[in-house]
Amino acid sequence: MLEEIERNEFDHNLSLNISQKLVRLFKKRRTTRTYSGEKIPEEIIDNAIQVAASAPSGANKQPWLFCKVSDPILKNYIRVLSEEVELDFYKNKPNQKWLEDLSHLHTNEDKSFINDASHLIIIFYKNIDKSNGEVSKNYYAKESTGIATGMLLSSLHLSGINSLTYTPKNMHYLNEALEIDKEYRAMMIVVAGIAPKQYQVPLIDKKGFDEVCKSFS
Ligand code: IYR
């Protein structure tokens with residue numbers, strides 16, 4: 001399929017065929033919260049990051065930074081810090097409504113997936129760039145980085161890698177753990193790895209096409 005796309009000419013039937021295949025493939029993507037410990041080749045992660053970094057961005061400022069972590073000691077350190085934040089979220093300062101909304105996912109403060117996943121890809125963005133002695137603004141930095149994150153997830157999925165978009169409520173600790181300048185804000189931890197063979201995803205529904213699309217043709 002990818003070889004055909006590379007031809008770069010619009011062909012009605014080919015495009016239709018590919019778009020149908022993509023619907024089938026993307027409907028199969030499910031968030032994975034348990035990992036087998038299997039290592040993913042570094043090049044697959046690097047390629048997914050290259051796909052993400054090709055995303056469009058406001059004024060082409062490319063406001064993102066992708067930190068990939070596979071070192072077990074650093075992953076464990078990030079797990080310990082993440083679980084502190086999650087303990088506040090679930091136990092010490094709970095927001096009952098939020099917890100109710102999450103209950104069907106059976107999540108809790110245990111973040112063992114951080115150890116078991118092959119890689120963490122920690123995504124940062126910055127609104128202001130002060131790197132060349134000048135101050136320049138990054139337009140739509142968060143939106144642009146959101147687009148890049150979607151492309152990263154798509155690339156991982158099409159490469160056969162399972163993933164999780166992990167968003168602890170407060171992510172400042174990631175700057176400290178990775179020694180990343182404070183002008184960068186952490187947006188998300190993309191957890192990437194391989195699910196255990198018997199892994200069962202929670203039963204969830206996606207909205208129907210007519211609920212998410214209004215047509216004005
Ligand atoms: N960060 C917590 C809670 C959580 C929040 C949302 I929004 C989710 O979609 C899932 C979980 C956790 O990861 O457990």
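Atoms within each ligand, like the ligands themselves, are counted from 1 in listed order.
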Got a list of side-chain donor-acceptor pairs under 3.5 Å for residues 41-48, not counting sequence neighbours?
| unit_1 | atom_1 | unit_2 | atom_2 | d |
| --- | --- | --- | --- | --- |
| Glu42 | OE1 | His119 | NE2 | 2.9 |
| Glu42 | OE2 | Lys68 | NZ | 2.7 |
| Glu42 | OE2 | His119 | NE2 | 3.4 |
| Asp46 | OD1 | Lys68 | NZ | 2.9 |
| Asn47 | ND2 | Glu43 | O | 3.2 |

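The shortest N or O to N or O distance between Trp98 and ligand 1 is not under 3.5 Å.
Set against the non-hydrogen atoms of Lys111, the atoms of ligand 1 under 4.0 Å away are 12 (C), 13 (O), 14 (O). Short contacts between ligand 1 and Tyr90, defined as distances under 4.0 Å to a heavy atom of the residue, involve ligand atoms 2 (C), 3 (C), 12 (C), 14 (O). The atoms of ligand 1 that sit less than 4.0 Å from any heavy atom of Tyr166 are 13 (O).
Checked for salt-bridge contact, Arg79 and Asp116 miss the test: no charged N lies under 4.0 Å from a carboxylate O.
Of the protein's non-hydrogen atoms, the one nearest atom 2 (C) of ligand 1 is Glu86 OE1, 3.2 Å. Counting protein heavy atoms only, atom 6 (C) of ligand 1 is closest to Leu102 CD2, 3.5 Å.
The part of Thr167 lying near ligand 1 is the backbone, judged by heavy-atom distances below 4.0 Å. Neither the backbone nor the side chain of Glu109 has any atom closer than 4.0 Å to an atom of ligand 1 (non-hydrogen atoms only).
Ring centroid separation for the pair Tyr166 and Phe113 comes in under the 6.0 Å cut-off.
Counted by atom type alone, Asn76 and Asn115 present one or more donor-acceptor pairs between their side chains at under 3.5 Å.
Side-chain contacts under 4.5 Å among hydrophobic residues (ILVMFWY), followed directly or transitively, place Tyr139 together with Tyr140.
Within a 6.0 Å radius of CD1 in Ile73, no more than 12 heavy atoms belonging to other residues, nucleotides or ligands are found.
Under the 3.5 Å distance criterion, the side-chain polar atoms of Asn138 are matched with a main-chain donor or acceptor of Lys126.
Using a 4.0 Å heavy-atom cutoff, Lys169 is absent from the residues neighbouring ligand 1.
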